[in-house]
Amino acid sequence: MRLDRAVSLAGLTRSEAKKAIAAGRVRVNGVIAADPAMKVEPAQVSVDGAAPVDAGPQYIMLNKPAGVVTATEDRHLNTVLDLLPEALRRRGLGPVGRLDRDVTGLVLLTDDGQLAHRLISPRWKAGKLYRAECEGRLTEDDVRAFAAGMALSDFTARPARLTVLQAGDDRSVADVELTEGKFHQVKRMFAADGHPLIALRRLRIGPLTLDAGLGPGEWRRLTEEEINALKTSVGLVE
Ligand code: URA
């Protein structure tokens with residue numbers, strides 16, 4: 001690819017890339033390069049002495065805080081992309097599925113369209129695990145109601161596994177795993193079951209677990225093992 005395009009992958013606009021090249025800030029194989037049209041491999045290119053440009057798909061896990069919308073842009077509210085540094089924001093990443101504004105926890109962001117598509121497609125049945133805090137005492141009846149496939153006003157949810165972690169008269173805590181993701185689905189299921197939600201947090205998408213070391217709003221790149229496990233789970237790696 002052209003040198004200015006490779007430089008833009010480091011997070012610069014095309015015109016910033018041209019200026020950086022003209023200013024001698026860009027090296028190809030360690031040698032200052034002056035021609036923006038020069039043909040290069042991104043891995044040969046470094047800007048301001050930083051690590052070589054990574055042109056491959058990007059995979060980011062984010063611990064979404066409440067109040068942030070799962071979108072790439074919004075006129076009034078902060079989006080999950082606003083939590084990433086400029087260089088990553090320019091890479092065309094998108095969230096895999098959505099969390100409501102008040103819901104916290106794991107959001108996967110990637111520009112790997114095939115993986116994203118499969119992880120949200122009901123066909124591949126990638127499980128999404130949520131930790132739910134709800135009103136009232138959850139019992140075995142509720143576990144059975146979730147497992148039976150709950151009838152909501154416009155569709156019947158697929159059977160979901162509910163694991164009760166704490167049951168009190170006023171509030172209970174449970175993990176719930178779904179293999180589909182319709183609009184407000186977890187909230188609607190708990191409400192239909194007579195236990196309105198107090199808080200909801202996503203802990204896992206397929207085999208990818210939210211890193212407990214990430215505070216609200218923090219992110220990190222996935223490891224190779226995590227990327228492979230995700231791809232394998234949806235038939236993209238043998
Ligand atoms: N279910 C919901 O109700 N909200 C979410 O954000 C995710 C699942």
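As the structure lists them, so they are numbered: ligands from 1, and atoms in each ligand from 1.
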Using residues 147-158 as the side-chain source, report each donor-acceptor pair under 3.5 Å to any protein atom, sequence neighbours left out, with the distance given to one decimal.
{"unit_1": "S153", "atom_1": "OG", "unit_2": "R188", "atom_2": "NH2", "d": "3.1"}
{"unit_1": "D154", "atom_1": "OD1", "unit_2": "R188", "atom_2": "NH1", "d": "3.3"}
{"unit_1": "D154", "atom_1": "OD1", "unit_2": "R188", "atom_2": "NH2", "d": "2.8"}
{"unit_1": "R158", "atom_1": "NH1", "unit_2": "P122", "atom_2": "O", "d": "3.4"}
{"unit_1": "R158", "atom_1": "NH1", "unit_2": "T179", "atom_2": "O", "d": "3.1"}
{"unit_1": "R158", "atom_1": "NH1", "unit_2": "T179", "atom_2": "OG1", "d": "3.3"}
{"unit_1": "R158", "atom_1": "NH2", "unit_2": "P122", "atom_2": "O", "d": "3.2"}

Taking K19 first and then E16, would you say they form a salt bridge - that is, a charged N and a carboxylate O separated by under 4.0 Å?
no
For residues 197-208, which residue pairs qualify under salt bridge (Lys or Arg N to Asp or Glu O under 4.0 Å), counting only residues two or more places apart or in two chains?
E177-R204
Applying side chain to side chain contact (heavy atoms under 4.5 Å, CB included), name anything that partners P57, two or more places apart in sequence or on another chain.
Y59, D111, D112
Is D74 paired with R101 through a side-chain N to carboxylate O contact shorter than 4.0 Å?
no
Looking at CZ of F190 and CD of E135, how far apart are the two atoms once the value is rounded to the nearest 0.5 Å?
12.0 Å
Compile the protein residues with any heavy atom at a distance under 4.0 Å from an atom of ligand 1; present them by chain, then by number.
L99, D100, V103, Y130, H184, Q185, V186, K187, L200
